[in-house]
Protein chains: 2
Amino acid sequence: MTGDSETDRETLLRVVSTTRAIRRFRPEPIPESDLAAMLFAATRAPSASNRQNFRFVVLRSSPVAKAAREVLGAEYRRCWSAKRQRDGYETAARKPERPATARMVTAMQHFVDHFEAIPVIVLACLIRYKPADPLEGASVYPACQNLLLAARASGYGGVMTQWHTGVEAELRSLLSIPSEVAMAGVIALGRPEGHHGPVRRLPIRNVVFEDGWDTPAPWADDPADARFTSAGPPGLRSES
Amino acid sequence: MTGDSETDRETLLRVVSTTRAIRRFRPEPIPESDLAAMLFAATRAPSASNRQNFRFVVLRSSPVAKAAREVLGAEYRRCWSAKRQRDGYETAARKPERPATARMVTAMQHFVDHFEAIPVIVLACLIRYKPADPLEGASVYPACQNLLLAARASGYGGVMTQWHTGVEAELRSLLSIPSEVAMAGVIALGRPEGHHGPVRRLPIRNVVFEDGWDTPAPWADDPADARFTSAGPPGLRSES
């Protein structure tokens with residue numbers, strides 16, 4: 001519930017500023033009416049030529065859902081274990097000056113270790129009508145963001161990950177997903193264990209330019225209460 | 001301003017359900033504080049490993065911005081003219097049973113004819129750290145959607161298009177965009193001429209499945225006030 005006088009913009013900014021990656025979930029299931037509302041929000045998103053070629057395959061607790069979750073869970077543990085070592089998280093998480101990294105590493109380990117127990121998994125898909133293209137994500141990721149924002153605004157939380165690529169063949173077979181359908185991401189949803197603090201990001205002057213690359217926009221000021229990402233080694237972020 | 005007792009979910013659902021593509025803009029500029037707030041919302045979005053490798057190049061009225069807008073405007077007119085004929089919009093727009101298509105065709109023609117006068121153009125970019133990949137859009141299109149939602153919640157409107165690909169070389173040269181940076185989309189922003197009605201989309205049962213492809217989720221009901229896309233020929237939608 002918002003304050004009485006909060007405007008749409010204040011609400012929207014508050015929701016987007018606190019929609020952080022949630023990787024620890026309470027065990028209770030999501031009521032179907034809430035799930036329908038979140039997926040309704042997802043499907044309001046734009047897509048190229050409004051083709052609406054996004055699709056969402058929900059996995060909860062049926063035998064086939066459990067089988068698909070086990071395939072994903074095993075792959076997620078494999079991917080995280082490799083990334084944890086390869087990208088230097090292992091070392092960084094032990095440094096006292098990087099508490100956010102240490103928290104992320106713990107949360108990610110919990111996420112992959114408990115993947116099969118996450119209340120709802122949504123496989124976001126895109127029906128391709130032309131060859132695979134880096135621009136095609138404009139027809140599915142806005143819908144994924146709507147889903148995560150609607151989850152946040154409804155008291156849930158989630159995260160999108162893309163560690164499914166190594167097990168696409170198994171998932172296609174289990175879930176009868178046609179070959180022309182791309183698997184764009186895997187979204188975990190549930191009640192957060194813990195709270196939704198504000199996300200930390202780079203100051204907007206670092207990412208908003210005017211009239212040319214790396215040309216700062218002098219008006220691009222962050223709100224007074226913005227929280228920032230600490231500078232870490234390139235490619236190593238706190239994943240909040 | 002929302003009703004006193006509107007919850008975050010109600011506000012979010014209302015905002016996402018009325019964030020439709022706006023292609024006619026009033027001429028007044030967007031105050032810089034509003035532009036900063038919208039771009040702040042964009043940058044709160046998630047990205048793979050939280051690398052925040054999205055960037056936004058704002059084009060307003062400087063000489064270089066005008067030059068870039070002219071390059072884009074000419075290409076947009078060329079692309080729309082080709083699409084209008086190729087995809088059958090020309091014929092469909094004349095059918096009385098397809099009023100939404102006729103409106104879209106008129107709006108799109110207005111959009112490309114007045115491209116240079118749109119108050120703000122934002123070129124959404126992605127710094128690549130690995131080869132181009134269809135999944136990479138997960139690091140830039142959620143931010144684009146946040147931007148469009150923040151615009152809507154602030155009384156503005158916009159649309160993302162991807163007709164820049166034919167003039168990337170000219171844009172790179174004009175705006176000094178490095179070769180490792182992908183141009184993901186072009187977002188037009190301004191005060192809408194006309195109103196933001198609810199978007200029309202497919203019923204969610206058509207796009208939400210459970211446990212397998214094309215397996216309807218029995219709980220996937222649309223809200224009572226949802227508005228639907230009329231069925232048109234495949235690939236030909238009303239682009240609302």
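Keep in mind that this is a model prediction, so the values were computed, not measured. In the text below, chain A, chain B and the rest are named by the order of the sequence lines, each starting its count at 1.
- Counting heavy-atom pairs under 4.5 Å between each of A/A37, A/A151, A/A220, A/P134 and chain B puts A/P134 at the top.
- No side-chain heavy atom of A/S62 sits under 4.5 Å from any side-chain heavy atom of B/E210.
- Minimum heavy-atom separation, B/Y141 to A/G137: CD1-C, 3.3 Å.
- Of the atoms belonging to A/R128, it is side-chain heavy atoms, and not backbone ones, that fall under 4.5 Å from chain B.
- When heavy atoms are compared at a cutoff of 4.5 Å, B/A65 approaches chain A by way of both its backbone and its side chain.
- Contacts with chain B were tallied for A/L175, A/V207, A/V208; A/V207 has the most, counting heavy-atom pairs under 4.5 Å.
- Looking only at side-chain heavy atoms (C-beta outward), B/W219 and A/L39 come within less than 4.5 Å of each other.
- Proximity to chain A (any heavy atom under 4.5 Å) is shown, for B/R69, by neither the backbone nor the side chain.
- Of the possible polar contacts, none joining the B/Q162 side chain to the A/A48 backbone as a donor-acceptor pair under 3.5 Å is found.
- Shortest non-hydrogen contact noted between A/D211 and B/V57 is N-CG1, 4.1 Å.
- Using a 4.5 Å cut-off between heavy atoms, B/L12 touches chain A through its side chain atoms alone.
- Counting heavy-atom pairs under 4.5 Å between each of A/F54, A/Y129, A/W213 and chain B puts A/W213 at the top.
- Of all non-hydrogen atoms in B/A226 and A/F40, the two that sit nearest each other are CB-CE1, 3.7 Å.
- When heavy atoms are compared at a cutoff of 4.5 Å, A/R60 approaches chain B by way of both its backbone and its side chain.
- At a 4.5 Å heavy-atom cutoff, B/A124 makes no contact with chain A through either its backbone or its side chain.
- For B/E136, the part sitting under 4.5 Å from any heavy atom of chain A is the side chain, from C-beta outward, and nothing else.
- Neither the backbone nor the side chain of B/R152 has a heavy atom closer than 4.5 Å to any heavy atom of chain A.
- The residue among A/N53, A/I177, A/V15, A/L35 with the most heavy atom pairs within less than 4.5 Å of chain B is A/L35.
- Most heavy-atom pairs under 4.5 Å with chain B: of the set A/P203, A/P178, A/A182, this distinction falls to A/P178.
- Looking at B/M183, the atoms closer than 4.5 Å to chain A (heavy atoms on both sides) all sit in the backbone: N, CA, C or O.
- The contact between B/T165 and chain A is made entirely by side chain atoms (from C-beta outward), counting heavy-atom distances below 4.5 Å.
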Stepwise, does the side-chain contact (heavy atoms from CB on, under 4.5 Å) test hold for A/C125 with B/F209?
CA-CA 11 Å; A/C125 298; B/F209 307 139; over 6 Å; no
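- If you measure heavy-atom distances from B/A217 to chain A, you find no contacts under 4.5 Å at all.
- Proximity to chain A is absent for every atom of B/V122, based on heavy atoms less than 4.5 angstrom apart.
- Each of A/V16, A/L13, A/L149 was scored for a side-chain contact (heavy atoms from CB on, under 4.5 Å) with B/L149, with one residue passing: A/L149.
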Please test A/R14 against B/D8 for side-chain contact (heavy atoms from CB on, under 4.5 Å), starting from the C-alpha separation and ending with a verdict.
CA-CA 9 Å; A/R14 185 169 47 74; B/D8 283 355; 2.7 Å; yes
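- Only the side chain of B/I127 comes within less than 4.5 Å of a heavy atom of chain A; its backbone N, CA, C and O stay farther away.
- Between A/L135 and B/A184, the shortest heavy-atom distance links the atoms CD2-O, 3.6 Å.
- Contact check on B/R9 versus A/D34 returns a salt bridge, with a Lys/Arg side-chain nitrogen under 4.0 Å from an Asp/Glu carboxylate oxygen.
- Under 3.5 Å, the side chains of B/N50 and A/R201 contain a donor-acceptor pair of N or O atoms.
- When side chains are defined from C-beta on, B/R44 counts as touching A/I204, because their heavy atoms get closer than 4.5 Å.
- When all heavy atoms are compared, the tightest approach of A/R200 to B/Q52 is O-NE2, 4.3 Å.
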Between A/T43 and B/L202, does a side-chain contact (heavy atoms from CB on, under 4.5 Å) hold up when you go through it step by step?
CA-CA 8 Å; A/T43 64; B/L202 293 167; over 6 Å; no
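- When heavy atoms are compared at a cutoff of 4.5 Å, B/N206 approaches chain A solely by way of its backbone atoms N, CA, C and O.
- Of all non-hydrogen atoms in A/A138 and B/M160, the two that sit nearest each other are CB-CE, 3.6 Å.
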